[in-house]
Amino acid sequence: MHHGSTPGAPSGGRITAPPAVGRTSAPGTSSTTNPTSTTNPATTPVLQPGTGPVRSSRYLPAEADQVLWGRLPNGDDRPVVTLAPGDDLTIDTVSHEGLLPDQGSDPVAFFGRHGVPPEHVLVDAVAIARTGRRHPEQDGPHVVTGPIAVEGAEPGDVLTMTVLETLPRVPYGVVSNRHGRGALHGEYPVDGTTVSVFADVVPGDDGPRGRIPITEGGDRYARFPLAPFLGIMGVATPGERLHSVPPGRHGGNIDVNLLQVGAQLHLPVLVPGALAYVGDPHFAQGDGEVALTAMEASLRATVRFDVTPAAEAAQQFGELVWPLVETHEHLVPTGLDPDLDEAVRACVRHAIAILGARYGMEPHLAYAYLSAATDFDVSQVVDLVTGAHARIRKADFEDVR
């Protein structure tokens, strides 16, 4: 990762033209479990760096000397690429699972124990694992690609990241429980060691599905749909680089599983150029992410970056205290706090504020509407700072002028 120059300056990092242009629709030392087989690249091709379909005219690989591992970019970091507002970019992301010390720091050996041949292990993941540019006690686990500067973005503006495509890079992933963390910390993992459950990808009637065995080494499986998304999407902050685990106003590790293809994330710009980044790729995650991780697996994502100037942003978003997700059907305000009860309260306040900014709804009426018509969900309870999000139906306000 380059640092120390002015954000928005010409990139000194590597950004390449795509090796092939194409569009593929998105689906989407440890104790381990193994579903007996394997990988099926005919179903999910292995997208090594510089190979396979790339949607954007520009492509950002996850090179070991340019990613951050366990920390988020700050305002002093030099961008690896600079975009104009409205530009899109195809970005390779790398999952941390299989790279960490409690898994042996050797992805080829770790995944090989589950029947994955060496050529189906991502070479950028291997390179990152070998760099060791992560403090195992002070840094988080996540590999972060970026920062990405957006010309003209200034504090007070709002950066919107729109997910255009998410392509699985491998046909397998991992769900881990470690460090005595998760919703049932103190109960799991039972013997205190890391439990990493290998999950592969198999064909299904409605597209590829993930599967996890019913019993260790057994031949019966739970099969579930894939819904790929980026768990980390954020903007840089002033001051020291933040730990990658706790989310905040900057976004980061918000783990909102609605951030699938077509969704947008609105974030307040906190440093010149915004210096956006992505990481923590998931193939599937239930609300809560209760064991600690989702089905973690590497993605190739294409994202568009737009900027709303401060004056216009105030009318659309009000004071954007927390990240705001938007899908075709829903406005999704979030709330974050170490205490889940407080996170829900913060989410309710955010929802009231966004209804006021977007539709002019009076607070006491917005509060009543939310109680009658809006679901509040737990995003995650495992990232030190817990998260809640609401799903406000935009159709309910179609007649509002």
Side-chain angles (χ1 to χ4, degrees), residues 26-28 30-35 39 44 46-47 62 67-70 91-107 110-111 113-114 116 120-122 124-126 128-129 134 139-145 166-179 181-183 188-189 194-201 208-212 222 224-233 244-245 247 252-257 259-260 277-301 379-383:
S30 45
S31 169
T32 61
T33 68
N34 187 354
T39 65
T44 305
V46 176
L47 302 184
V67 300
L68 280 178
W69 191 4
I91 310 162
D92 275 351
T93 65
V94 171
S95 172
H96 55 276
E97 292 293 334
L99 284 64
L100 296 173
D102 61 9
Q103 297 166 326
S105 300
D106 184 345
F110 176 82
F111 290 115
R113 291 194 292 272
H114 301 290
V116 178
H120 293 168
V121 179
L122 296 174
D124 43 0
V126 173
I128 291 166
R134 169 184 176 269
D139 295 339
H142 308 101
V143 178
V144 178
T145 309
T166 51
L167 301 180
R169 297 185 63 196
V170 292
Y172 54 83
V174 176
V175 185
S176 285
N177 175 227
R178 55 167 60 92
H179 309 316
R181 291 177 56 198
Y188 293 91
T194 297
V195 175
S196 292
V197 176
F198 182 84
D200 63 356
V201 176
R209 299 178 77 83
R211 67 174 184 173
I212 289 176
F224 50 92
L226 301 185
F229 75 101
L230 297 166
I232 287 180
M233 299 174 69
S244 71
V245 170
N253 189 30
I254 60 174
D255 280 335
V256 174
N257 62 17
L259 280 167
Q260 298 168 33
Y277 49 85
V278 299
D280 191 28
H282 298 153
F283 278 12
Q285 178 194 296
D287 280 339
E289 199 182 20
V290 294
L292 180 62
T293 84
M295 183 179 175
E296 312 280 328
S298 301
L299 292 171
R300 176 170 292 168
S379 312
Q380 52 76 25
V381 294
V382 296
D383 293 333

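Between V201 and P208, the closest heavy-atom pair is CG1-CB, 3.7 Å. Here the closest heavy-atom approach between residue V195 and residue P189 is recorded as CG2-CB, 4.0 Å. In terms of heavy-atom proximity, G173 sits nearest to A297 at CA-CB, 3.9 Å. The two residues V381 and A183 make their nearest non-hydrogen contact at CG2-CB, 4.1 Å. Of all heavy-atom pairs between I212 and A199, the closest is CG1-CB, 3.8 Å. Residues I232 and N253 approach most closely at CG1-CA, 3.5 Å, considering heavy atoms.
Q285 CD to T293 OG1: the interatomic distance, rounded to the nearest 0.5 Å, is 9.0 Å. Once rounded to the nearest 0.5 Å, the distance linking OG1 of T166 with CD1 of I91 reads 12.0 Å. Rounding to the nearest 0.5 angstrom, the gap separating the NE2 atom in H282 from the CD atom in Q260 is 12.0 Å. Note that CE of M295 is 10.5 Å distant from CZ of R211, once rounded to the nearest 0.5 Å. Note: L100 CG to R178 CZ = 5.0 Å, rounded to the nearest 0.5 Å. Separation of atoms CG (L292) and CZ (R181) is listed at 5.5 Å; rounding is to 0.5 Å.
A distance-only check finds no donor-acceptor pair linking the side chain of R300 to the backbone of L167 [under 3.5 Å]. Of the possible donor and acceptor atoms, one in the side chain of N177 sits under 3.5 Å from a partner among the backbone N and O of A291. Checked by atom type and distance alone, the side chain of D139 never pairs as donor or acceptor with a backbone atom of R134 at under 3.5 Å. A donor-acceptor distance shorter than 3.5 angstrom exists from the side chain of W69 to the backbone of P141, with no hydrogens or angles considered. Of the possible polar contacts, none joining the Q103 side chain to the F110 backbone as a donor-acceptor pair under 3.5 Å is found. T145 contributes no side-chain N or O that, together with a main-chain N or O of T93, makes up a donor-acceptor pair within less than 3.5 Å.
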Query raised in the report: How far apart are the C-alpha atoms of L122 and V46, what are their side-chain angles, what is the distance that settles it, and do they pass the side chain to side chain contact (heavy atoms under 4.5 Å, CB included) test?
Result: CA-CA 8 Å; L122 296 174; V46 176; 4.2 Å; yes
Carefully, step by step, assess S379 and V256 under the rule side chain to side chain contact (heavy atoms under 4.5 Å, CB included). CA-CA 5 Å; S379 312; V256 174; 3.8 Å; yes
Show your reasoning for whether side chain to side chain contact (heavy atoms under 4.5 Å, CB included) applies to V94 and R169. CA-CA 9 Å; V94 171; R169 297 185 63 196; 3.7 Å; yes
Criterion side chain to side chain donor-acceptor pair (under 3.5 Å) on E97 and S176, from CA distance to verdict: CA-CA 8 Å; E97 292 293 334; S176 285; 2.8 Å; yes
| Please walk me through it: do I254 and L259 pass side chain to side chain contact (heavy atoms under 4.5 Å, CB included)? | CA-CA 10 Å; I254 60 174; L259 280 167; 3.8 Å; yes
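A 6.0 Å sphere centred on CZ of F224 holds more than 12 heavy atoms belonging to other residues, nucleotides or ligands.
Ring planes of Y172 and F111: tilted class, angle from 30 to 60°. Using a 30° and 60° split on the angle between ring planes, H114 and F198 fall in the parallel class, below 30°.
No side-chain donor-acceptor contact under 3.5 Å links S95 and S298.
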